Amino acid sequence: MKLNELTLGGYSARGDELTVSLAATVEEAAALDGERLTVFNDDGEEIEVFEGYVVASISVSGESVRVRLIRRVEESAEAAIRALEENVRLVRETATATQAVANEARANANPQLATFAALTLPTIGTALTDEQALSIDTLWPEWSSTAHYKVDEVVRYSGQLYRCEQEHDAQADWTPDAAASLWSAITIAGDGVDVWVQPTGAHNAYNTGDRVHYPDADGPIYVSTIDGNKLAPDAYPQGWTKEA
């Protein structure tokens, strides 16, 4: 595939964000800023066109360049985005403060502080990324068979963090490690790249441009070349490219 004149390893378009993996130099990637972007297949046929995108970030891995582009927005929309970013910042600060409270609760065996932390964190958990959730992994509440869980809530179970995929009332036999349609394990390697987890449906399948370590955190990084990718790199090699 090609993106304009550059060799395209894969791409993913979600809302106002476009992520592409290119065999290109950083200078060539930076030149995409504000350009009309056209994706062509191997036969030179036009697949998709993107306009009004600016380069947000560029990262390099071997000979591959990963570019994240965002759609240029009007001033009023930018103000709304800045306000949202400020809210996210406050959420993160609250999470950090809550962790400090929980650490003090453990150190001093203070049940009141521990209760405060347990009540506060679930209300902000849905706003945190997997990486942020793992940064405070000891703080999350343990899974309960009598609780009601909403989408994106985070729990601990047998020392592992899980994120809720479907709102539901818990049952004793729907533990996070057994109910794959209800829970997804949060697994990220030390470099910030997700570790491959078997998708259970369209809600957590991998899409074009998604990067994962496989088969574990020490394995190489693979980039999905298709949307709705539910098969592992060794089970469906044509759905993945291995980063150099």
Side-chain angles (χ1 to χ4, degrees), residues 12-17 84 87-88 90-99 101-102 105-106 111-189 192-217 224 226-233 235-236 239:
S12 175
R14 298 180 181 177
D16 289 327
E17 183 171 319
L84 178 60
N87 287 336
V88 171
L90 292 174
V91 164
R92 291 173 180 168
E93 290 180 353
T94 302
T96 301
T98 304
Q99 182 183 25
V101 170
R106 295 188 189 96
Q112 287 77 25
L113 289 177
T115 299
F116 170 77
L119 291 174
T120 302
L121 195 58
T123 65
I124 64 172
T126 57
L128 301 182
T129 65
D130 286 353
E131 190 171 7
Q132 292 163 350
L134 283 172
S135 71
I136 50 174
D137 64 323
T138 60
L139 184 58
W140 298 98
E142 293 290 334
W143 176 82
S144 169
S145 62
T146 60
H148 176 82
Y149 290 107
K150 296 181 179 180
V151 174
D152 281 339
E153 283 195 50
V154 177
V155 298
R156 286 175 57 84
Y157 183 77
S158 296
Q160 168 73 50
L161 291 191
Y162 292 86
R163 190 179 291 277
C164 181
E165 297 290 349
Q166 297 184 51
E167 184 171 353
H168 65 283
D169 292 315
Q171 295 183 187
D173 56 345
W174 288 355
T175 57
D177 61 338
S181 63
L182 300 177
W183 299 94
S184 290
I186 297 178
T187 51
I188 298 178
V193 177
D194 287 343
V195 179
W196 188 85
V197 175
Q198 176 63 60
T200 57
H203 63 284
N204 62 352
Y206 296 102
N207 292 310
T208 304
D210 286 346
R211 302 166 69 237
V212 296
H213 282 282
Y214 181 83
D216 52 34
S224 177
I226 59 174
D227 289 333
N229 197 347
K230 302 177 185 177
L231 298 177
Y236 190 64

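Predicted model only: the values in this text are computed from it and were never measured.
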Quiz item: Closest approach of Ala185 and Gln160, non-hydrogen atoms and distance?
Solution: CB-NE2, 3.9 Å

Exercise. Please state whether the rings of His168 and Tyr149 are parallel, tilted or perpendicular, taking 30° and 60° as the class boundaries.
Key: tilted

Quiz item: Could you state the interatomic distance from OG (Ser181) to CH2 (Trp174), rounded to the nearest 0.5 Å?
Solution: 8.0 Å

Self-check item: Short side-chain to backbone donor-acceptor contact, Thr208 and Ser12, under 3.5 Å
Solution: no

Quiz prompt | Smallest separation among heavy atoms of Pro176 and Trp183, with atom names | solution = CA-CD1, 3.5 Å

Quiz item: Got a sec, which residues hit side-chain contact (heavy atoms from CB on, under 4.5 Å) with Ser184, two or more places apart in sequence or on another chain?
Solution: Glu165, Asn204

Exercise. Output yes when Arg14 and Asp210 qualify as a salt bridge under the 4.0 Å nitrogen-oxygen rule, no when they do not.
Key: yes

Quiz item: Rounded to the nearest 0.5 Å, how far apart are CD1 of Ile226 and CG of Leu231?
Solution: 7.5 Å

Quiz item: Measuring from Asn229:CG to Asn207:CG, what's the distance to the nearest 0.5 Å?
Solution: 8.5 Å

Exercise. Sorted by first residue and then second, give each salt bridge (Lys or Arg N to Asp or Glu O under 4.0 Å) pair with at least one member in residues 171-180; sequence neighbours left out.
Key: none

Self-check item: Non-hydrogen atoms of Ala172 and Thr175 that approach each other most closely
Solution: O-CG2, 3.6 Å

Quiz prompt | Charged N-O contact under 4.0 Å between Glu167 and Lys150 | solution = no

Practice problem: Ignoring hydrogens and angles, tell me if any N or O in the side chain of Asp194 forms a donor-acceptor pair with the backbone of Val212 under 3.5 Å. | Solution: no

Quiz item: Below 4.5 Å, heavy atoms only, C-beta onward: do Asp152 and Arg163 meet side chain to side chain?
Solution: yes

Practice problem: Could I get the full list of side-chain contact (heavy atoms from CB on, under 4.5 Å) partners for Ala217, not counting sequence neighbours? | Solution: Ala189, Val195

Quiz item: What's the shortest heavy-atom distance between Trp140 and Arg156, and which atoms?
Solution: O-CD, 3.2 Å

Quiz prompt | Evaluation steps, side-chain contact (heavy atoms from CB on, under 4.5 Å), between Val155 and Tyr162 | solution = CA-CA 5 Å; Val155 298; Tyr162 292 86; 4.3 Å; yes

